[in-house]
Peer 1: 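This is the structure, below, for whatever I ask next.
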Amino acid sequence: SIGRLWNVPLSAEPDQICEYQIHLSPSGHIIELKRIETSGNEALDRSVEQAILKASPLPLPKDPKWYAAFKVQRLRFDPKQLSAYQTL
């Protein structure tokens, strides 16, 4: 999972949260990665991007009809939680 691959930098502050949008292929590979909201800490933002890219391909439901619901995801990263959260 992305959260397990995320190495939060020591410079990260508890209130620094960033958000990314990813577009996935039917096989779960990342086609596009876009920062939606910066944390204001370049090291933190970079660490999130690296974790997302390392996690590719991401798991998708086996049933192809669910692909449309999962092909675009927004992920919010909060150093206080040390994990990634999908937002709607």
Peer 1: Taking side chain as C-beta onward, heavy atoms only, is Y20 less than 4.5 Å from I52?
Peer 2: yes

Peer 1: Which pair of heavy atoms, one from P57 and one from S27, lies closest together, and at what distance?
Peer 2: CB-O, 3.7 Å

Peer 1: Short question: side chain of S47, backbone of P9 - any donor-acceptor pair under 3.5 Å?
Peer 2: no

Peer 1: Measure the CD-CD distance between E37 and Q21 for me, rounded to the nearest 0.5 Å.
Peer 2: 13.0 Å

Peer 1: Could you tell me if the side chain of L24 sits less than 4.5 Å from the side chain of H29, heavy atoms only?
Peer 2: no

Peer 1: Strictly below 4.0 Å, N to O, side chains only: are E19 and R35 in salt-bridge contact?
Peer 2: no

Peer 1: Determine whether a donor-acceptor pair (N or O, by modelled atom type, separation under 3.5 Å) exists between the side chain of N41 and the backbone of Q16.
Peer 2: no

Peer 1: Compare every heavy atom of N7 with every heavy atom of K54, then report the nearest pair and how far apart it is.
Peer 2: NZ-ND2, 4.3 Å

Peer 1: Got S11 and L44 here, is their nearest side-chain heavy-atom distance under 4.5 Å?
Peer 2: no

Peer 1: Looking at C18, is its backbone amide N or carbonyl O close enough to the side chain of D45 to form a donor-acceptor pair, meaning the two atoms are under 3.5 Å apart?
Peer 2: no

Peer 1: Go through the steps for I2 and F77 under the test side chain to side chain contact (heavy atoms under 4.5 Å, CB included), then give the verdict.
Peer 2: CA-CA 10 Å; I2 297 170; F77 292 81; 3.6 Å; yes

Peer 1: Should I36 and I31 be counted in the same cluster of Ile, Leu, Val, Met, Phe, Trp and Tyr side chains packed under 4.5 Å apart?
Peer 2: no

Peer 1: Identify which one of L58, V72, L53 satisfies the side chain to side chain contact (heavy atoms under 4.5 Å, CB included) criterion when paired with I22.
Peer 2: L58

Peer 1: Is the backbone of K62 close enough, under 3.5 Å, to the side chain of Y67 for a donor and an acceptor to pair up by distance?
Peer 2: no

